[in-house]
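Have a look at the structure below before the remarks.
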Amino acid sequence: MLTPFTLRAATASDAPWIAELRATVLREDLERLGRFDPLRVRRRFLDGFAPEHTWVILADGIEAGSIALRPGPGSQWIEHFYIDPSRQGRGLGGAVLGHVMGRQADSRAFRLNVLAGSPAQRLYLRHGFTVESADPVDVYMVAPGRGA
C-alpha cells in the first residue's frame with residue numbers, strides 16, 4: 001500500500017536531524033565499502049546543506065525523510081534523498097521521487113549518485129535512470145527530463 005505523504009520546505013533548523021538520518025541510512029553501505037566515518041558522514045551533509053533546494057517528507061504528519069533538487073544549467077541534481085528505515089519498503093520513496101520528478105516543467109536531465117551496491121539503485125532504475133558512470137564507491141545515474 002502506498003504511503004501518503006506531503007512535502008514541506010526545509011529550514012536551517014532541519015539540518016541536524018537530516019544529518020542524523022543520513023548517517024543512519026548510509027551507514028550499512030558505507031561500512032560495506034569501508035568508508036563509514038560517523039563524523040564525516042554528518043559533516044558532508046551539513047557543509048553542503050541548502051534548505052532552499054530541500055524538502056522534508058512528511059508521512060502521517062511525521063518527518064520521514066528528505067529530498068533535494070539542485071538546479072544546474074544542463075541538469076537537475078537529486079540529492080539528500082533519505083527515507084527513515086522504518087518507512088522504507090512501502091512505496092514512499094518511489095512516490096516521492098515520481099512526484100518531485102513529475103512536477104518539474106523543463107527538459108533538463110535528472111542526475112544523482114548512489115553508493116555502489118546500494119539497494120536504492122533499483123528504485124532509480126524503475127524511475128527511468130540509467131548508469132552514466134561508476135567507480136568502486138559511487139554510481140552516477142541520469143534520467144531524461146519530463147517537461148517541455
Side-chain angles (χ1 to χ4, degrees), residues 1-8 10 14-60 62-104 107-147:
M1 180 175 166
L2 182 65
T3 303
F5 71 92
T6 57
L7 298 177
R8 73 161 170 81
D14 290 310
W17 76 262
I18 296 174
E20 288 303 313
L21 178 60
R22 178 180 199 268
T24 299
V25 169
L26 296 183
R27 182 177 190 133
E28 186 175 317
D29 286 328
L30 288 171
E31 285 178 339
R32 178 180 40 78
L33 295 166
R35 300 189 54 99
F36 183 73
D37 177 325
L39 297 176
R40 185 172 188 259
V41 72
R42 291 165 176 87
R43 179 58 40 210
R44 285 194 65 183
F45 172 78
L46 294 169
D47 288 348
F49 180 55
E52 66 273 18
H53 300 302
T54 306
W55 293 276
V56 171
I57 302 161
L58 301 167
D60 302 318
I62 298 168
E63 295 163 340
S66 68
I67 189 168
L69 187 64
R70 180 175 48 87
S75 58
Q76 305 171 81
W77 281 88
I78 295 172
E79 300 173 323
H80 307 305
F81 186 23
Y82 313 118
I83 302 291
D84 186 289
S86 70
R87 302 277 183 165
Q88 292 177 7
R90 300 183 210 167
L92 179 59
V96 170
L97 184 61
H99 174 79
V100 168
M101 291 174 72
R103 75 181 196 182
Q104 301 310 309
S107 60
R108 288 177 294 168
F110 293 96
R111 295 187 185 284
L112 58 80
N113 72 298
V114 62
L115 290 169
S118 172
Q121 191 172 346
R122 290 190 307 272
L123 169 69
Y124 302 130
L125 291 170
R126 286 194 307 269
H127 282 270
F129 283 85
T130 58
V131 174
E132 188 171 43
S133 66
D135 62 39
V137 175
D138 292 303
V139 177
Y140 293 88
M141 303 182 79
V142 62
R146 297 186 177 180

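Please read all numbers here as calculations on a predicted model, not as lab measurements. When reading the values below, keep in mind they use all heavy atoms of this one structure, side chains included, and skip hydrogens, waters and symmetry mates.
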Can you list everything that forms a salt bridge (charged side-chain N to carboxylate O under 4.0 Å, His left out) with [X]? Sequence neighbours excluded, please.
X: R27; value: E31
X: R44; value: none
X: D84; value: none
X: R70; value: E79

Minimum heavy-atom distance between [X] and [Y], given as atom pair plus value:
X: L21; Y: G65; result: CD2-CA, 3.7 Å
X: H127; Y: G94; result: CE1-O, 3.2 Å
X: G128; Y: A143; result: O-CB, 3.6 Å
X: P16; Y: L46; result: N-CD2, 4.5 Å
X: I18; Y: S66; result: CG2-OG, 3.5 Å

Take atom [atom1] in [X]; do more than 12 heavy atoms of anything else shown fall under 6.0 Å from it?
X: Q121; atom1: CD; value: yes
X: R32; atom1: CZ; value: yes
X: R40; atom1: CZ; value: no

Can you check whether [X] reaches [Y] side chain to side chain, under 4.5 Å on heavy atoms?
X: Y82; Y: T24; value: no
X: V25; Y: I83; value: no
X: R103; Y: L7; value: yes
X: P51; Y: D14; value: no
X: L30; Y: S118; value: no

How long is the span from the [atom1] atom in [X] to the [atom2] atom in [Y], to the nearest 0.5 Å?
X: F81; Y: L112; atom1: CZ; atom2: CG; result: 9.5 Å
X: R8; Y: T54; atom1: CZ; atom2: OG1; result: 11.0 Å
X: I78; Y: M101; atom1: CD1; atom2: CE; result: 5.0 Å

If you look only at distance, which donor and acceptor atoms sit under 3.5 Å apart when one is on a side chain in residues 129-141 and the other is two or more places apart or in another chain?
{"from": "E132", "atom 1": "OE1", "to": "R111", "atom 2": "NH1", "distance (Å)": "2.6"}
{"from": "E132", "atom 1": "OE2", "to": "R111", "atom 2": "NH1", "distance (Å)": "2.7"}
{"from": "D135", "atom 1": "OD1", "to": "V137", "atom 2": "N", "distance (Å)": "2.8"}
{"from": "D135", "atom 1": "OD1", "to": "D138", "atom 2": "N", "distance (Å)": "2.6"}
{"from": "D138", "atom 1": "OD1", "to": "N113", "atom 2": "ND2", "distance (Å)": "3.2"}

Between R42 and A23 (side chain of the first, backbone of the second, donor and acceptor by atom type, cut-off under 3.5 Å), is there such a pair?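 A pair under 3.5 Å: no.
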
Salt bridge between E63 and R87, side-chain N to carboxylate O under 4.0 Å? no

Show me the pairs that pass ring pair (Phe, Tyr, Trp, His ring centres under 6.0 Å) and involve residues 23-57, at least two apart or across chains. F45-F49, F45-H80

Test F5 against H99 for ring pair (Phe, Tyr, Trp, His ring centres under 6.0 Å), laying out the working first. CA-CA 10 Å; F5 71 92; H99 174 79; 5.7 Å; yes

